[in-house]
Amino acid sequence: MDIIVCIKRVPEVAEIDLQVDQTGKSIKEEGLVFGVNDWDNYAVEEAVRIKEKHGGKVTAITVGSAESEEVIRRALALGADEAVMVTDPQADGSDAYAIAKVLAAAIKEIPYDIILTGVLADDDGCAQVGVTLAELLGIPHATLVTAIEIEEKQVKIKRELEGGMEEELVVATPALFTIQSGINEPRYVSIMGIRKVAKKEVATRDLGTLGLSPNQVGPAGSFTTVERIFPPPVGEGAQILEGSSDEVATKVMDVFQKGGVI
Amino acid sequence: MAEILVLTEHRQGEMQEISLEMLAKGQQLAEQTKKELTAVLLGKGVASMADEVKRYCHHILVMEDDLLANFNSEPYQDVLSFLIKERKPSLVLMGHTAFGMDLAPPLATAAGIPLATDCYEIEVKGDAVIPYRQMYGGKMCAEVHFKEAPCHMITVRAGSFPAEGLKEINGAVEQVSFQFDKDYAYKKFLQYVEAAVGDVDITQADVLVAVGRGIGDSENLPMVEELAKLLGGVVACSRPVADKHWLPKERQVGTSGKTVKPKLYIAFGISGAFQHLAGMKNAATIIAVNKDPKAPIFSVAHYGIVDDLMKVVPSLVAKVRERKGA
Amino acid sequence: MDFLEKHELYACLQCGKCTGGCPVSLRAPLNIRSLMREVLMGGSPEVALDCPGLWDCTTCAICTLRCPRGLKPSEVIVGLRAELVEGGRVPKTIIDALEGTFKHGNPWGRARQKRIEWKGDTAVKTLSDEGEAEWLYFIGCAPSYDPRLQRIPRILCRILETAGIDFGSLGTKESCCGNEIRRMGETGLFEELREENTKNFNASGVKAILTTSPHCFNTFSTEYDLDGFKVLHYTQLLADLIKEGEITFSKEVNKKVVYHDPCFLGKQHEIFDPPREILKAIPGLELLEFDRCRERSLCCEGGGGRMWAEGAGEGERNSEVRVKDAHAMGAEIIATACPFCLLTLEDGAKTTGLEEEMPIREILELVAEAMGFDDV
Amino acid sequence: MSKKHKVGVFICHCGKNIGGYINIAQLVEMVKTIPDVVISTDQKYMCSDQGQAEIKKALQEGLIDRVVVASCSPTMHEKTFRKCVSEEDFNPYLYQQVDIRENCSWVTKDIQEATYKAYELIKAGVSRVKTLEPLWSTEYPVTPTTLVIGGGIAGIIAATDILEAGFKVVLVEREDQLGGWARRIGKGFPHLTPIKDFLKEKIEVLQSHSGLKTYLSSEVVGLEGFPGNFKATIKQADDTTVEEEIGSIIVATGFKPFDARRKPEFAYGESTQVITTVEMEELLEKGELSTNGQPKEVAFIQCVGSRDKSIGNEYCSRTCCMVVAKQALLLKELIPDARVSVFYMDVRAFGKGYEEFFEKAQRSGVIYIRGNPSEVYKSGDKMLIRYEDTLLGRPQELAADLVVLSVGMEPAEGAAELINTLRATADKDGFFLEAHPKLGPLDTFSDGLFIAGCCQGPKDLPDTVAQAHGAAARATVYFHQDKVIKEPVVATIDADVCSGCGLCESICSFDALHLDEKKKRMTVQEAVCKGCGACAATCPSGAISLKHFRPSQVLAWVEGFLS
């Protein structure tokens, strides 16, 4: 079972007060800490687990700047066997559709049975690249996958639906699955582990080697562009609900109602 | 005249809330762009739903087939591709749901339609439809521009548009005539699985009623459980409560327990030890109840009640019951 | 050198002193003596990796301090954890702590830019930005970020200022000292932190380091290679300042206070007296002693990564025992000199229902009270 | 080098020890080429009669005037061969031993390299031997009195033996009465006989001898002279000092019990419910225990202060296992319904009848728990002991009314100072170091100084008594000869060059160098000089040289290597 897993390097923004940069279209990256996209981490772990159980090879692939090497090395340390990194400044400004095109071009030269990606990326949150890639490659797919069971020539999966429901499907290989967080418990990747793969080869590609022309990627090759970004309006601290017990309870009911709880 | 196409979503014979939300927004957009609103309803045995949906749109395109019985993006994609080719809508709306996430990207890709996903707002500026979406886990909003094209597609975030304002249009039901040319054996639906009852996973719950040391005694837990049940949620706790074995470890929220992100988090008698806050601060709505007005929990909560939880819980239970008419 | 040789397992007498003294052995599935035996007989650490008690160890080091053969059982645990870390087989909460430290320089994964959040309006110069100072005050992760603890460094800064001490901090450049990281078995990460901090220490131009936490103090003084640096825990400096008359008290603290010795200050470094000298110097304060004090002090279970690992232990926590003992002897306050002890003891006070009767205080909080710092 | 010497080189195979790793035949031929070597021959064992006969034969025939034996190390057989050549009226200091065993055959498997190195060493030896000069030993008269330091059981026994052999004894005891620790012991193991009776009898016998001079409440504070002719300074209770002339010394200063406060985890000194075996011995002896059937729960903890690197005492104190067995047994007899437990790591019952006694204690109902307790702390009116029963593999707690710490032995108070005063050597634990652990257990590295009892290391009564008898015999060996023979390898001073600066005096560990006030030159007290050479190395003007190791002789050695 040969598996390709697509990963992305994203900033960790959970605690950060993000700033809009001077273009107005992206955030200031200075001082931000980057790492592998959380969903992709589950995908890599799942790929490695499948390999450990069924044999085969795991190839990690990423599209991004030279710094993306850190996440690809991390994937190698976690257990991926090979790594491909597509780096080309001309791909900057690509939307999900254009990125999927780059990935599709890169994947054409790699044999695979299944492709795993994260459901979405922490940064743009599009949940679009994986499924688009499947379409470009002409293979079936399933999103929000919470369980994978490898069978002969097909894969039995569970995918998460709303309201605590799941559905079970069988999909013939080759196929692509976007992995939901919580599908497994990703193992820890130690510094020693990363040091051990420091010398491992990472294959690098650019648009030229992939046979893509500049107008197929970047803003020109994209369907959407981010025109501007802006922080959502925020309030500070708790709004204290005061009054008699009954009044307070009534106010809480309003909150419940607004939150769609009752 | 071009139209706005809304793909309605349903599961196991029930219309999903998102469908009505989209229809509501669709009506508004149709008005603004002077277009007609067309709903698409695919499935098996959906006639009664069609009757409901047609009230809110100009046209409803219905197709029934065994292959459409349960959502499978492959046959759906083929039907929708056909419809888009036929009807040339200017805008297609779908939910950013398990359903839409599976379907929209390949459909858009195959049809060459620009797609914007997970949008919480759609504006019309002149001829342009401008979707807004969130990035960086909600820390930034983005105004997205589409490449010019005859048709655009948008998936809509659930809960973004109120369904209340739906207007009655009472459109006509039209049957779609489309012939499947394959059996889609490469992707088969097997069954729906419901999360096992009693198997409490606080990370999956939408509503968490969390208790801390302020609960005083395990004897006071039942009233909190009652409230959780009324709200369709489960009870979670802070470390001291788990340490006391009043609740199992699996219910503990915090760095040494679980990290949760429910829609609603009510913290009773939790002062807000730092390690606890780290586990729950990303909840969508946080209500904190604590005697101490300086309790750190109030710094992350959206709403606070400075009072004894022993007083607050019963009054809330009573009030919820009253609202529910029970 | 293999694991058995490195940890001198061949030399173990199997006397049981380690397990007998272990503060968690009575309530957790951790028996360090038998674990060492297992590894010796199994010939490799692999045989012990599934032991459920591995994350119960608080690395208080009683076992190591008392081993009659001079072995280091607590390091065997660290070694076993290192094996788990390298294999990626660690609990989720530990993973979060390690990754948080790797990415953000603190085990809570809080943003680096918020590391100076504790300051409030306290003026502290940032070394290498705003010139040099005599002392580098290393705040530590918990006091930097935990709202309950953020007061502690603020108080110390105020005291140092009052005593005319020239000091500064590393500001947002400060990273986790790595004491707990090493004890969670992440040797590689510890080495990186050590390298980074050492580089910053050197760049600061300072030759004396002061710590809030005994844990930072421990690793700087025994696990870093800080040749030419003086490293002190704040209690040492404060005791001296009081002796020299640089600090004077204006208010009485009329309380019976019992002092809890933190393992990384007391047992492991024999700093028993400076904290007591500080407390005794506070007017009106009556210092009580636990029966289990000094070398026999009962570990609070906050060390060795236990802040991020639940462990498998059951039954009464040591912090609860501590709070009850203090209550029984008529103490009105438990004082300690370690951020972790403070937090675990406060938990103990909550779960025993003695929160009201038995407040837990950092020594610095009592000093602040006696110095009349009401607004810190 | 005016005279041409005739050197005989005798190479030893030492069986296979040397023969197996050095090509002896080749070596013999190589040695023949060294200038002035007239005989180069080999023997299976040079130290054998046959080997020695060959050397003697060559001397008898006048073939050689210098002898080199290439064999083992000088420590092993230098004396043998010196004696061998003396028997032919040949000065033994014209003999040179070359070590080709420890230096060559034992340290390499490369036969060629070893053979070559042996050749080099022999070449150096030959070069040196030609520069050696004849030297003659000196004899001194002996004062047939032994100074016995310590009036405990070892001192009493040793002194008595010496007196009974007809010599005199000066006995110095620090306390105001004789008896030492034996006075504080009730019954001895394994026969539970009262030690006091035995001790009283021994003291009476000792004091019946007329040759005994006893100093009580006194200490030895100074020592000078040399074997057979020492002068000891004794400080008495009133701080006055006296000097005594003596011929030999026996140290029998005993031990001190380990201070249990150094193991703070056992709460000794903090609670009256924690005592040591020393105090338990007194309690048992006084009969004050159990006036009301208490204590009911007694726990003994073994190895307190012994076998413990954490406080620096790695050694076993050897007696504690039996002391505890005895005390536990007696306690059980005294309070039959008491629960008596003994925490132990190993039970070392090595002496005659000891294992049987240990079993007797067990059978009396004493519970032996294998585990080294880690903590003792107060819990209500009991002391709680935290330990692991290592046989059950279970960490546990035991609540006791009385905890008895079985304290080990440490060097006696003032041992370090006394070692210094007597110019003896301390072992790593601070006890007196014996000359050889197996072959010289009663000797020290200082001639004329002997050791008996626990000053050398922990031991029980039988071993102490045996050592005391032995030390008495060793200390009187000179006395039977009426003289001491002094080796001639001593420092010598060229008075023409010496400036009397005194640097050598300060460096000498044996107090052998003094300034001749009249001549303003240093002089060597040859009887005291040990020939260590430190003074020669220190002398800034080169006035001092060490006989047998004069600069010319050492240089010749070095040149031999380099040639």
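Each chain gets a letter, A, B and so on, in the order its sequence line appears, and its residues count up from 1. Keep in mind that the numbers below use all heavy atoms, side chains included, and drop hydrogens, waters and symmetry copies.
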Discussion item. Under 3.5 Å, is there a donor on one side chain and an acceptor on the other for A:Gln154 and A:Glu151?
Written reply: yes

Discussion item. Under a 4.5 Å cutoff for heavy-atom pairs, which residue among B:Glu74, B:Met101, B:Lys281, B:Lys263 has the most contacts with chain A?
Written reply: B:Met101

Discussion item. Tell me which of these, A:Cys126, A:Gly125, A:Ala142, has more heavy-atom pairs under 4.5 Å with chain B than the rest.
Written reply: A:Cys126

Item to complete: Identify which part of A:Asp95 has an atom lying under 4.5 Å from any heavy atom of chain B, answering side chain, backbone, both or neither.
Response: neither

Worksheet item: Using non-hydrogen atoms only, which part of A:Lys153 is less than 4.5 Å away from chain B: side chain, backbone, both, or neither?
Response: neither

Worksheet item: Is any NZ, NE, NH1 or NH2 atom of the basic residue among A:Lys8 and A:Asp123 found under 4.0 Å from an Asp or Glu carboxylate oxygen of the other?
Response: yes

Item to complete: Would you mind checking which part of A:Leu144 comes under 4.5 Å of any heavy atom in chain B, side chain (CB onward), backbone (N, CA, C, O), both or neither?
Response: side chain

Item to complete: Tell me, for B:Leu316 versus chain A, whether the close heavy atoms (under 4.5 Å) come from the side chain, the backbone, both or neither.
Response: both

Worksheet entry | Closest-packed option against chain B by number of heavy-atom pairs under 4.5 Å, given A:Ala121, A:Gly130, A:Pro140 | A:Pro140

Worksheet item: In terms of heavy-atom pairs under 4.5 Å with chain A, which of B:Gln134, B:Gln77, B:Lys311 leads?
Response: B:Gln77

Practice prompt. Taking the side chain as every heavy atom from C-beta outward, state whether B:Glu123 and B:Lys125 have any atom pair closer than 4.5 Å.
Written response: yes

Item to complete: Taking the side chain as every heavy atom from C-beta outward, state whether A:Val5 and A:Ile61 have any atom pair closer than 4.5 Å.
Response: no

Worksheet item: When B:Ile270 is tested against each of B:Ile297, B:Val289, B:Leu277 for side-chain contact (heavy atoms from CB on, under 4.5 Å), which residue passes?
Response: B:Ile297

Discussion item. Looking only at heavy atoms and a cut-off of under 4.5 Å, which of A:Val119, A:Val248, A:Asp246 has the most pairs with chain B?
Written reply: A:Asp246

Discussion item. Under 4.5 Å from any heavy atom of chain B, what part of A:Gln19 do you find: side chain, backbone, both or neither?
Written reply: backbone

Worksheet item: Does CD in B:Gln191 sit with more than 12 non-hydrogen atoms of other residues, nucleotides or ligands closer than 6.0 Å?
Response: yes

Worksheet item: Hey, is B:Asp118 close enough to B:Arg157 for a salt bridge, meaning N to O under 4.0 Å?
Response: yes

Item to complete: Please say whether more than 12 non-hydrogen atoms of neighbouring residues, nucleotides or ligands are located less than 6.0 Å from NZ in B:Lys147.
Response: yes

Worksheet item: Which one, B:Ile113, B:Asn70, B:Val306, leads in non-hydrogen pairs under 4.5 Å with chain A?
Response: B:Ile113

Practice prompt. Let me know if A:Ala134 has heavy atoms under 4.5 Å from chain B in its side chain, its backbone, both or neither.
Written response: neither

Item to complete: Among the options B:Leu103, B:Thr97, B:Val207, pick out the one with the most heavy-atom pairs lying under 4.5 Å from chain A.
Response: B:Thr97

Worksheet item: Have B:Ser73 and B:Lys187 got a donor and an acceptor in their side chains that come within less than 3.5 Å?
Response: yes

Discussion item. Under 4.5 Å from any heavy atom of chain B, what part of A:Val10 do you find: side chain, backbone, both or neither?
Written reply: neither

Worksheet item: Does the side chain of A:Thr146 pick up a donor-acceptor pair with the side chain of A:Arg159 at under 3.5 Å?
Response: no

Worksheet item: Are A:Asn215 and A:Ser213 close enough that a side-chain donor and a side-chain acceptor fall under 3.5 Å?
Response: yes

Worksheet entry | Residue among A:Leu241, A:Asp122, A:Thr178, A:Asp17 with most heavy-atom pairs under 4.5 Å to chain B | A:Leu241

Item to complete: Determine the option with the most heavy-atom pairs under 4.5 angstrom with chain A, choosing from B:Pro293, B:Ala104, B:Pro106.
Response: B:Pro106

Fill in: Residue part contacting chain B, namely of A:Asp124, when any heavy atom lies under 4.5 Å
both

Worksheet item: Given a strict heavy-atom distance threshold of 4.5 Å, which part of B:Glu17 is in contact with chain A: side chain, backbone, both, or neither?
Response: neither

Discussion item. Can you tell me which portion of A:Thr250 sits under 4.5 Å from chain B's heavy atoms? Options are side chain, backbone, both or neither.
Written reply: both

Worksheet item: Residue by residue, which of residues 31-39 of chain A have a heavy atom closer than 4.5 Å to a heavy atom belonging to chain B?
Response: none

Worksheet entry | Any side-chain heavy-atom pair of A:Phe177 and A:Val171 under 4.5 Å | yes

Worksheet item: Pick from A:Val102, A:Leu103, A:Ile4, A:Ile139: which one makes a side-chain contact (heavy atoms from CB on, under 4.5 Å) with A:Leu133?
Response: A:Leu103

Discussion item. Please classify the contact between B:His302 and chain A as side chain, backbone, both or neither, with a heavy-atom cut-off of under 4.5 Å.
Written reply: backbone

Discussion item. Just by distance, no angles: are the side chains of B:Tyr76 and B:Asp102 close enough, under 3.5 Å, to form a donor-acceptor pair?
Written reply: no

Fill in: Between A:Asn184 and A:Glu45: side-chain donor-acceptor atoms closer than 3.5 Å
no

Practice prompt. Look at B:Tyr184, B:Phe99, B:Tyr132 and state which one has the largest set of heavy-atom pairs under 4.5 Å with chain A.
Written response: B:Tyr132

Item to complete: Could you tell me which portion of A:Val255 (side chain, backbone, both or neither) has an atom closer than 4.5 angstrom to a non-hydrogen atom of chain B?
Response: side chain

Practice prompt. Mark yes when over 12 heavy atoms from residues, nucleotides or ligands other than B:Glu148 sit less than 6.0 Å from its CD; otherwise mark no.
Written response: no

Worksheet, complete the sentence: Per-residue tally against chain B (heavy atom, under 4.5 Å) across A:Lys158, A:Glu167, A:Lys251, A:Glu227 peaks at A:Glu227

Worksheet item: If you measure only the distance, is there a donor-acceptor pair under 3.5 Å linking the side chains of A:Glu166 and B:Tyr192?
Response: no

